[in-house]
J.: 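Take a look at the following structure, please.
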Amino acid sequence: MTAPALFIIAGAAGAGKTRFYEAHLKDAFPRLVPAVDENLDAALGAKKSFATEAYYVDTELLGKAKAAGFETFVLFIGTEDATLNAGRVLNRMSRGGHAYPLEGVVDSYRNALKNLSEAGRIADNFWLYDNTLRDRDYQAVVLFDHGRITKISERVPEWVSKVFGKELLKEPAKQKEHHAHGR
């Protein structure tokens, strides 16, 4: 029997989480479970796959899901600058979309980045996407598989380097070494 899956789509306000969900996950998960503890606990208790959208990766939720037998997937959407996110939030609100207090965008941005490195080690699968350039599709930057970096983009945005620091510096050497021995 296949394990149920938890998909967490995370990122600061204005990063592009909802757009990512609608483009890539909505068919598989027509309804997002609201990121409220009682809703998430009920969804875990049902032992059925589900997706949720949040401003940061809840590592406690990841732990609970893994303990309940779920395979965990984190899709983190980020940008290089909180002011870019604030502009997107303003644009969204001007078109009648989801409102978010502008004074909270910077805090949302900072909080979203806080535990990313830990989340990459905990989640079974962790994909980090850069959505700084709106005219391009989401750029996959770093992929983790069971806590190990398995892929790094040739172009790593500065905001990602700041979050993962030394982890990114040592991993490409291992990948190059692995590819050289594989030939």
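One is the number of the first residue; the rest follow in order along the sequence. As the structure is a prediction and not an experimental result, all values here were calculated from the model.
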J.: Applying side chain to side chain donor-acceptor pair (under 3.5 Å), can you list everything that pairs with N115, at least two apart in sequence or on another chain?
T.: none
J.: Taking F29's backbone N and O only, do any of them form a donor-acceptor pair with Y21's side chain (distance below 3.5 Å, no angle check)?
T.: yes
J.: Hey, any chance L84 and V106 share a hydrophobic cluster, counting ILVMFWY side chains that come within less than 4.5 Å of each other, even indirectly?
T.: no
J.: Are any non-hydrogen side-chain atoms of V142 and I149 less than 4.5 angstrom apart?
T.: yes
J.: Does any non-hydrogen side-chain atom of L6 lie less than 4.5 Å from one of S49?
T.: no
J.: Under the rule for side chain to side chain donor-acceptor pair (under 3.5 Å), what residues qualify as partners of T72, not counting sequence neighbours?
T.: D124
J.: With a 4.5 Å cut-off on side-chain heavy-atom distances among I, L, V, M, F, W and Y, is there a chain of contacts connecting V160 to Y129?
T.: no
J.: Take atom CZ of F73 as the centre, draw a 6.0 Å sphere, and report whether it contains more than 12 heavy atoms from other residues, nucleotides or ligands.
T.: yes
J.: Which atom pair, heavy atoms only, marks the closest approach of A12 to S108?
T.: CA-OG, 3.3 Å
J.: Please name the pair of heavy atoms, one in A86 and one in V105, separated by the smallest distance, quoted to 0.1 Å.
T.: N-CG1, 3.6 Å
J.: Between I77 and L25, is there shared hydrophobic-cluster membership here, with clusters defined by ILVMFWY side-chain heavy atoms closer than 4.5 Å?
T.: yes
J.: What's the shortest heavy-atom distance between A15 and N85, and which atoms?
T.: N-ND2, 3.7 Å
J.: What salt bridge (charged side-chain N to carboxylate O under 4.0 Å, His left out) pairs are there with at least one residue in residues 26-35, not counting sequence neighbours?
T.: none
J.: Do any side-chain atoms of residues 91-104 form donor-acceptor pairs under 3.5 angstrom with protein atoms, and if so which ones, sequence neighbours left out?
T.:
from, atom 1, to, atom 2, distance (Å)
N91, OD1, R95, NE, 3.4
R92, NE, H98, O, 2.8
R92, NH2, H98, O, 3.3
S94, OG, N91, O, 2.7
R95, NE, N91, O, 3.4

J.: Measure up the F50 and F70 rings against each other and bin them: parallel (under 30°), tilted (30 to 60°), perpendicular (over 60°).
T.: perpendicular
J.: Quick one: salt bridge (charged side-chain N to carboxylate O under 4.0 Å, His left out) pairs with a partner in residues 153-162, sequence neighbours left out?
T.: E158-K162
J.: Out of curiosity, does L116 fall in the hydrophobic cluster containing I8 (side-chain heavy atoms, cut-off under 4.5 Å, transitive links)?
T.: yes
J.: Tell me, which pairs form a salt bridge (charged side-chain N to carboxylate O under 4.0 Å, His left out) where one or both residues lie in residues 35-58, sequence neighbours left out?
T.: D41-K64
J.: Could you please spell out the steps behind the side chain to side chain contact (heavy atoms under 4.5 Å, CB included) verdict for V141 and I152?
T.: CA-CA 6 Å; V141 179; I152 300 174; 5.7 Å; no
J.: Heavy-atom distance under 4.5 Å between the side chains of L62 and V74, does that happen here?
T.: yes
J.: Suppose we screen for salt bridge (charged side-chain N to carboxylate O under 4.0 Å, His left out). Which residues come up paired with E22, at least two apart in sequence or across chains?
T.: none
J.: Looking only at side chains, do T79 and N131 share a donor and an acceptor under 3.5 Å apart?
T.: no
J.: Going by the salt bridge (charged side-chain N to carboxylate O under 4.0 Å, His left out) test, which pairs reach into residues 104-121, not counting sequence neighbours?
T.: D107-R110, R121-E167
J.: Only counting residues at least two apart or in another chain, list the ones meeting side chain to side chain donor-acceptor pair (under 3.5 Å) with D130.
T.: T132, W159
J.: Side chains of L143 and N125: does their closest heavy-atom pair fall under 4.5 Å?
T.: no
J.: Just jot down the side chain to side chain donor-acceptor pair (under 3.5 Å) partners of D137, sequence neighbours excluded, or say none.
T.: none
J.: Run the side chain to side chain contact (heavy atoms under 4.5 Å, CB included) test against A35 and tell me which residues pass, sequence neighbours left out.
T.: T52, A54
J.: Given the rule in the side chain to side chain contact (heavy atoms under 4.5 Å, CB included) test, do L44 and L61 qualify, once you have shown the distances and angles that lead to the verdict?
T.: CA-CA 9 Å; L44 289 173; L61 174 61; 3.8 Å; yes
J.: Between V33 and L40, is any pair of side-chain heavy atoms under 4.5 Å apart?
T.: yes
J.: Does the side chain of F164 come within less than 4.5 Å of F144's, by heavy atoms?
T.: yes
J.: Just to verify, what does Y138 make a ring-ring contact (aromatic ring centres under 6.0 Å, His included) with, not counting sequence neighbours?
T.: F20
J.: Measuring centre to centre across the rings, with the benzene-like ring taken for any Trp, is F76 within less than 6.0 Å of F126?
T.: no
J.: Apply the test side chain to side chain contact (heavy atoms under 4.5 Å, CB included) to residues H24 and L75: give CA-CA distance (whole Å), side-chain angles for both, the deciding distance (0.1 Å), then the verdict.
T.: CA-CA 11 Å; H24 302 287; L75 306 144; over 6 Å; no
J.: Heavy atoms only: give me the nearest A112-G11 pair and the separation to one decimal.
T.: CB-C, 4.2 Å
